[in-house]
Chemist: 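Dumping the structure here so I can ask a few things about it.
Note on naming: letters A, B, ... go to the chains in the order of the sequence lines (proteins, then strands), and numbering restarts at 1 for each one.
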Protein chains: 2
Amino acid sequence: MDRSPQPKPTDAELELLRVLWDRGPSTVREIHEALATAVAKSTGYTTTLKILQKMADKGLVTRDESRRSHIYAAAIEAEKTQRQLVRHLLQGAFGGSPTRLVMQALSEKPTSAEELREIRALLDELETKGKSKPKGQKS
Amino acid sequence: MDRSPQPKPTDAELELLRVLWDRGPSTVREIHEALATAVAKSTGYTTTLKILQKMADKGLVTRDESRRSHIYAAAIEAEKTQRQLVRHLLQGAFGGSPTRLVMQALSEKPTSAEELREIRALLDELETKGKSKPKGQKS
DNA sequence: TCCCATCTACGACATTTGTCGTTGACATTG
DNA sequence: CAATGTCAACGACAAATGTCGTAGATGGGA
């Protein structure tokens with residue numbers, strides 16, 4: 001089972017992954033267009049293609065070649081990737097203390113009341129869970 | 001005046017910055033040692049030196065050359081840098097929604113009750129502050 | 001059928017990163 | 001003073017990244 005030290009996606013790769021997470025499996029053309037319109041990304045078509053190919057090599061995406069226009073799909077979940085990136089940032093810049101990170105994140109943007117409520121709920125959950133053995137999610 | 005689009009520090013640079021934030025202004029030797037002991041980093045001395053020099057070029061650190069052993073100091077605050085990195089991650093991987101990031105961060109590590117309390121306090125603060133105009137902590 | 005559009009593959013290229021080795025200057029100390 | 005050690009500077013180098021251009025295959029339409 002994949003102990004997969006998933007290679008940390010680069011910024012460009014992350015952009016493509018975001019598109020795939022949003023749209024689901026897509027052709028290169030579609031991805032390229034999405035990027036162009038959504039993010040005003042003005043790179044050539046072959047650039048997108050090349051990055052996608054590299055990502056396929058790394059196992060970040062899968063490719064369905066049954067048709068002439070290959071169809072790419074994200075091979076890693078958004079959540080998993082986000083977790084990995086958060087962990088990296090945590091270790092790299094915050095000395096492992098989630099609290100500081102959370103503070104920075106929350107101060108970063110005016111958070112809606114609703115979102116604040118959501119977070120509070122999570123805190124509650126974590127607190128009760130803290131008593132009983134924290135179960136399940138392993139790493 | 002520099003509205004400084006501070007160049008995003010790389011991972012290696014971040015490590016050095018961490019040392020400087022901890023120790024304050026230091027010589028290359030000191031930084032190198034600190035890295036070796038603290039992080040079991042086993043690179044050559046000149047590697048550390050080179051990175052420091054590059055960082056000086058970029059304005060990430062300052063250098064006092066009045067002595068033979070130059071003394072480097074962080075030129076950017078820990079908080080500011082962390083905020084920048086959080087913002088980057090937010091945009092790049094979370095579509096700008098802090099909530100998800102916070103969730104991931106909290107799920108990442110068993111957080112102590114005390115820390116949870118701290119975060120709750122911050123939430124309270126944000127909530128009340130949300131009513132009144134949240135005022136500019138600028139940089 | 002023949003031409004044109006589209007798609008993938010391949011290689012080129014500039015840039016950045018992180019890694020050293022070497023060199024020449026400077027200091028310390030015997 | 002001379003030997004030894006320390007330091008900054010410089011260049012080299014491999015690897016990764018993001019950027020294209022071009023070539024070759026394939027498919028659709030006039």
Chemist: Is it true that the side chains of A:Arg23 and A:Ser26 contain a donor and an acceptor less than 3.5 Å apart?
Modeler: yes
Chemist: Give the rounded distance in Å between these two atoms: CD1 of B:Ile31 and C1' of D:dA8.
Modeler: 14 Å
Chemist: Between D:dT17 atom P and A:Leu60 atom CG, what is the distance in whole Å?
Modeler: 10 Å
Chemist: Just checking B:Arg67: base, sugar-phosphate only, or nothing, at a heavy-atom cut-off of under 4.0 Å?
Modeler: nothing
Chemist: Measure NE2/A:His32 against C1'/C:dT8 and give the value in whole Å, please.
Modeler: 15 Å
Chemist: Does D:dA9 have OP1 or OP2 under 4.0 Å away from a side-chain N or O of B:Gln53?
Modeler: yes
Chemist: Please state how far atom CG in B:Leu52 lies from atom P in C:dT19, giving the value in whole angstrom units.
Modeler: 13 Å
Chemist: When you measure from the side-chain N and O atoms of B:Arg29 to the phosphate of D:dC7, is any distance below 4.0 Å, counting only OP1 and OP2?
Modeler: yes
Chemist: Would you call A:Arg120 and B:Asp124 a salt bridge, taking side-chain N to carboxylate O under 4.0 Å as the test?
Modeler: yes
Chemist: CD of A:Gln82 to CD of B:Gln104: how many Å apart, nearest 0.5 Å?
Modeler: 5.5 Å
Chemist: Name the residue closer to the 5' end of DNA chain C, choosing between A:Leu49 and B:Thr43 according to the nucleotide with the nearest heavy atom.
Modeler: A:Leu49
Chemist: Give the rounded distance in Å between these two atoms: CG of B:Leu14 and C1' of C:dT17.
Modeler: 15 Å
Chemist: Looking at C:dC20, D:dA8, D:dT22, which one has an atom nearest to any side-chain atom of B:Thr46?
Modeler: C:dC20
Chemist: Quick check on DNA chain D: between B:Tyr72 and A:Asp11, whose nearest nucleotide comes earlier from the 5' end?
Modeler: B:Tyr72
Chemist: Without decimals, in angstroms, what is the distance between B:Ile51 CD1 and D:dA8 C1'?
Modeler: 16 Å
Chemist: Got a second to check how far A:Lys54's NZ is from A:Leu49's CG, nearest 0.5 Å?
Modeler: 11.5 Å
Chemist: Salt bridge (charged side-chain N to carboxylate O under 4.0 Å, His left out), that's the test. Do B:Glu13 and B:Lys58 meet it? Break it down for me.
Modeler: CA-CA 11 Å; B:Glu13 290 170 345; B:Lys58 294 192 205 170; 2.7 Å; yes
Chemist: Verify the contact: side-chain N or O of A:Tyr45 to OP1 or OP2 of C:dT8, cut-off strictly under 4.0 Å; return yes or no.
Modeler: yes
Chemist: Looking only at side-chain atoms of B:Lys50, point me to the closest of D:dC10, C:dG11, D:dA8.
Modeler: D:dC10
Chemist: OP1 or OP2 of D:dG18 sitting under 4.0 Å from any side-chain N/O of A:Thr47?
Modeler: no
Chemist: With a 4.0 Å limit, can you tell me whether B:Lys8 has a side-chain N or O closer than that to the phosphate oxygens OP1/OP2 of C:dT16?
Modeler: no
Chemist: OP1, OP2 of C:dT8 versus side-chain N and O of A:Ser69: anything below 4.0 Å?
Modeler: no
Chemist: Out of D:dG18, C:dG18, C:dT8, which has the shortest distance to the side chain of B:Lys54?
Modeler: C:dG18
Chemist: Does B:Arg68 make a side-chain N or O approach to OP1 or OP2 of D:dA9 shorter than 4.0 Å?
Modeler: no
Chemist: Report the distance from atom NE2 of B:His70 to atom P of C:dA25, rounded to the nearest whole Å.
Modeler: 15 Å
Chemist: Between B:Lys58 and C:dT17, is there a contact of a side-chain N or O with OP1 or OP2 at under 4.0 Å?
Modeler: yes
Chemist: Rounding to an integer number of Å, can you tell me how far A:Glu33 CD sits from C:dT6 P?
Modeler: 11 Å
Chemist: So how far is it from A:Thr43 OG1 to A:Glu15 CD, rounded to the nearest 0.5 Å?
Modeler: 8.5 Å
